[in-house]
Amino acid sequence: MRDVGAGRWRRIVSQIGRSVAVWAVSTLTMLVLAGILPDFQIRTGDGDSATRIAVTAAFGAGAFGLLSALAWPVLVRLLLLVPALVLGLLVFFLNGALLLVALRLTPAERPEAAPETAVVVAAVMSAVASATGAALAVRDDDAYRRRLYRLADRRGTARPFGGPATPGVVFLQLDGVGHDVLARAVQKGLMPTVAGWLGASHRLTPWRTDWSSQTGASQLGILHGTNHDIPAFRWYEKDTGEVMVCNRPASAVELQRRAVERTGDGGLLTVDGASRGNLFSGGADEQALVLSTALRRGRENRSRAGYFAYFSDPANAVRTALSFIAEVGREIGQSTMARMRKRRPRVARGGLYPFIRAFATVVERDVVVAAVMGDMLAGRTAVYADLVAYDEVAHHSGPHSRDAEKVLQRLDRSAALIAKVAEHAPRPYRIVLLSDHGQSPGETFRGRYGLGLADLVRAGCGLPVPRRARRTHSGAEARAAVRAALRRPVEENGGRHVPPGRHSEPLVLASGNLGLISFPDVHHRMTREEIDARHPALLTTLANHPGVGFVLVASEEHDGLVLGAHGAEIPVDALDERDGKGNEHGGPLADFGPGAASAVRRTHSFPHTADIMVNSWYDPAEGEVLAFEEQIGSHGGLGGAQGEPFLLAPLALSAAVEEGEELIGAEHIHRVLRRWLRECNGPQVPLEAPRDPSGQQAA
């Protein structure tokens, strides 16, 4: 008992000593800044006593520290009411305001600081105080653990050290990082942490996505065990008249509800799990920044609760805000250089994009990593987190660009930090890295041909298109095909075609290099025969366009048809993969590699598959596709690296697949991850307990 008491007193004395040291360093920092910055002055009554000046600085630094500890969490609560994109900017001004208040509380004559100078002084002092506290805690494991708890805001949920002996698992998703990108980054020395794991403790396995190679389909399958009826990132549902978009909160809620209803269980994380930064919850009780719960008003499940958990520490807020501003400047500089050097391919990167990129690569990363740290320190059994930084940058800069490589380096550091924190967790952890899809490079469809997919569809239907599109080679060919199919000139009225029927115009949606065409006025999936009767030239125009790889359409005669150039028509049931090229005789799927035929057949069976599914051209030699969106790194369809993500798991876990077996589809990944959790004596899925449609355990 005496030893326990002595240890407690030593910890108290040590903590007081560190607090005094941080206070002293903060005071010194304030004095130095007062000597450097002309708009920041620490004045005393007589103006000439060094001791009085030092005492004034000490009072100011102490008041600022207390206000940061007491008032800052309240201010951050209010910040949750503002859009997340401006959060990084507001923390600077609020931190500066706290410093001005602290200076006014000093007993001597009031020090002076211009508002803009106060922002700088507060930022520097917060950063220095944070660095000093970290340095003093480095040699004290207990102090280091407590600091980690504070950074992750898990003081109230932390479990005692010496927790479960069974290991927990952290699934860290590097959004959009393909198997090829990871291998290249390791080879170039960009990801030393991952390289170290590959050489000693982890096993790398490639896997193949479904036709819809995007986060919505992959993550729903991984977390909830099914991605049935997810034909693309966005699609039109005729029975409801709604456009579903995977990253729209209302759509995410509905997709998760359907998945839970189909599988009968809440998801991969239903027992003692945490979901961080994901589209879907996986049935986790602990959630932060989860899109499918963003519409809820409950305090625990509120989408922005994760922001409070991170930004309640003013040092976190300042550090992230500084990085946010630096990233905005970095993107503006990089895009300017790309324009000046006339790099091709290139897409517009102005407007709000620099701020969106900074949010994805800085704010979202920092908040999610801190949340994962907190989950590990709390001893949670299973954590699944998504880091979206690479995917966002690769869309606009290219998957192999220098911009994207810089992001990979920072993601590697995040993985290293998580591995370091695992050493201080109350239970051992196995860290699994995985991706949901890759990205395929290539210029945009519009950039190559001068018109978008929607323009081409309208031209093929004989509908009016923009004048610039009519002047392109593709637009002229489409209009000529319409004239030939109708055996008469297209009827025009002042340059505007009058279509038959009020609601006959097609709805064209794009998901990377996958296009979806629907006719809203027809309440069932149209067949090839019905489409030909209404728009005789449309399917021929699409299938023969050099930017189109193949077209999928329903058929009265063959159930489904894959159409290609030069009149190629192959029934879906006749697609063959025996030669590894998608069809025994080559055909439209020949270049898309193994698995293309089964992926097309599966999507054809979905209830909400579009009337016409269009996959862009693919060059197997260069690995390039043509995105129907304005992206030079894209994913969503078939073709190249976008369909080849990776799974990197510890050797302590069983192999994902047997030798010679392929890992195909997100649903297969779900089964593998579930098996690994069982090997760790983690959550048992499916559960017998009933679940409501949101994936939460029923009361």
Side-chain angles (χ1 to χ4, degrees), residues 173 175-176 207-240 242-265 267-268 278-283 290-292 384 386 388 391 434-438 507 509-518 525 552 554 560 572 595-596 598-615 628-629 634-639 642-643 645 664-671 673 693-695:
Q173 178 178 301
D175 204 300
W207 65 281
R208 197 162 67 226
T209 67
D210 305 286
W211 187 359
S212 181
S213 53
Q214 48 87 20
T215 304
S218 292
Q219 200 176 85
L220 189 65
I222 292 170
L223 289 177
H224 288 278
T226 179
N227 58 7
H228 176 76
D229 203 19
I230 310 291
F233 181 74
R234 51 178 68 85
W235 68 95
Y236 177 71
E237 298 193 341
K238 293 188 173 185
D239 51 349
T240 63
E242 297 290 332
V243 174
M244 301 290 286
V245 184
C246 288
N247 68 352
R248 183 181 294 167
S251 296
V253 171
E254 175 60 17
L255 295 177
Q256 182 170 311
R257 186 198 65 78
R258 294 178 187 179
V260 171
E261 184 178 84
R262 183 175 179 85
T263 62
D265 80 20
L268 187 73
N278 300 311
L279 294 181
F280 309 104
S281 73
V290 175
L291 194 69
S292 63
Y384 195 102
D386 187 13
V388 303
D391 191 60
L434 74 160
S435 57
D436 48 347
H437 55 78
L507 176 63
L509 301 172
S511 296
N513 73 318
L514 177 63
L516 293 86
I517 304 163
S518 300
R525 185 181 175 192
L552 171 67
V572 169
S598 59
V600 169
R601 274 195 298 268
R602 181 172 183 262
T603 301
H604 174 66
S605 69
F606 291 167
H608 290 114
T609 296
D611 293 327
I612 306 172
M613 303 283 288
V614 182
N615 203 98
F628 298 125
E629 298 182 90
S634 66
H635 58 89
L638 288 174
Q642 63 181 316
I664 302 173
E667 295 179 2
H668 195 174
I669 296 293
H670 173 84
R671 294 192 294 271
L673 302 191
S694 66

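Note that this is a predicted model, so its numbers are computed, not measured. All heavy atoms count here, side chains included; hydrogens, waters and symmetry mates do not.
Side-chain contact check for H604 versus T609: every heavy-atom pair is 4.5 Å or farther apart. You'll find the side chain of Q256 stays beyond 4.5 Å of the side chain of L223, heavy atoms only. Taking 4.5 Å as the limit, every side-chain heavy atom of D210 sits out of range of all side-chain heavy atoms of T603. Counting heavy atoms from C-beta on, the side chains of T209 and Q642 never come closer than 4.5 Å. Using a 4.5 Å cut-off on side-chain heavy atoms (C-beta onward), H224 and R258 make no contact. Side-chain contact between V600 and N615: absent, with no pair of heavy atoms (C-beta onward) separated by less than 4.5 Å.
Checking side-chain atoms of S292 against main-chain N and O of V253 turns up no donor-acceptor pair under 3.5 Å. A donor-acceptor contact shorter than 3.5 Å is absent between the side chain of N227 and the backbone of G221. A donor-acceptor pair under 3.5 Å is formed between the side chain of N278 and the backbone N or O of Y384. Remark: side-chain polar atoms of S251 are paired, donor with acceptor, to backbone N or O of V245 under 3.5 angstrom.
Going from atom CH2 of W211 over to atom CG of L514 covers 6.0 Å, rounded to the nearest 0.5 Å. Taking CG of L220 as the start and NE2 of H670 as the end, the distance is 10.5 Å to the nearest 0.5 Å. Rounding to the nearest 0.5 Å places CD1 of I230 at 4.5 Å from CG of L255. For the atom pair Y236 OH and M244 CE, the distance stands at 13.0 Å (nearest 0.5 Å). A distance of 8.5 Å separates CG in L279 from CD in Q214, rounded to the nearest 0.5 Å. Distance check, rounded to the nearest 0.5 Å: NE2 of H437 to CG of D175 gives 4.5 Å.
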Query - Stepwise salt bridge (charged side-chain N to carboxylate O under 4.0 Å, His left out) test for E667 and R602 - result: CA-CA 13 Å; E667 295 179 2; R602 181 172 183 262; 2.9 Å; yes
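Between A610 and L516 the shortest heavy-atom distance is CB-CB, 3.7 Å. For the pair W235 and C246, the tightest heavy-atom approach, listed with the atom from each and the gap, is CZ3-SG, 3.9 Å. Nearest heavy atom pair, residue F628 against residue A510, reads CB-CB, 3.7 Å. Across all non-hydrogen atoms, the minimal contact from S212 to F233 is OG-N, 4.1 Å. Between A666 and A217, the closest heavy-atom pair is CB-O, 4.2 Å. Of all heavy-atom pairs spanning P249 and L291, the tightest one is CG-CD1, 3.8 Å.
One side chain, T215 or D436, offers a donor N or O that lies under 3.5 Å from an acceptor on the other. Between the side chains of R208 and H668, no donor-acceptor pair of N or O atoms lies under 3.5 Å.
Taking the side-chain hydrogen bond (donor to acceptor under 3.5 Å, both in side chains) definition, one finds that H608 meets it with D229, E237, D239, sequence neighbours left out. Remark: E629 pairs with R234 by the side-chain hydrogen bond (donor to acceptor under 3.5 Å, both in side chains) rule, at least two apart or across chains.
Relative ring orientation between H228 and F606 is described as perpendicular, the plane-to-plane angle rising above 60° on a 0-90° scale split at 30° and 60°.
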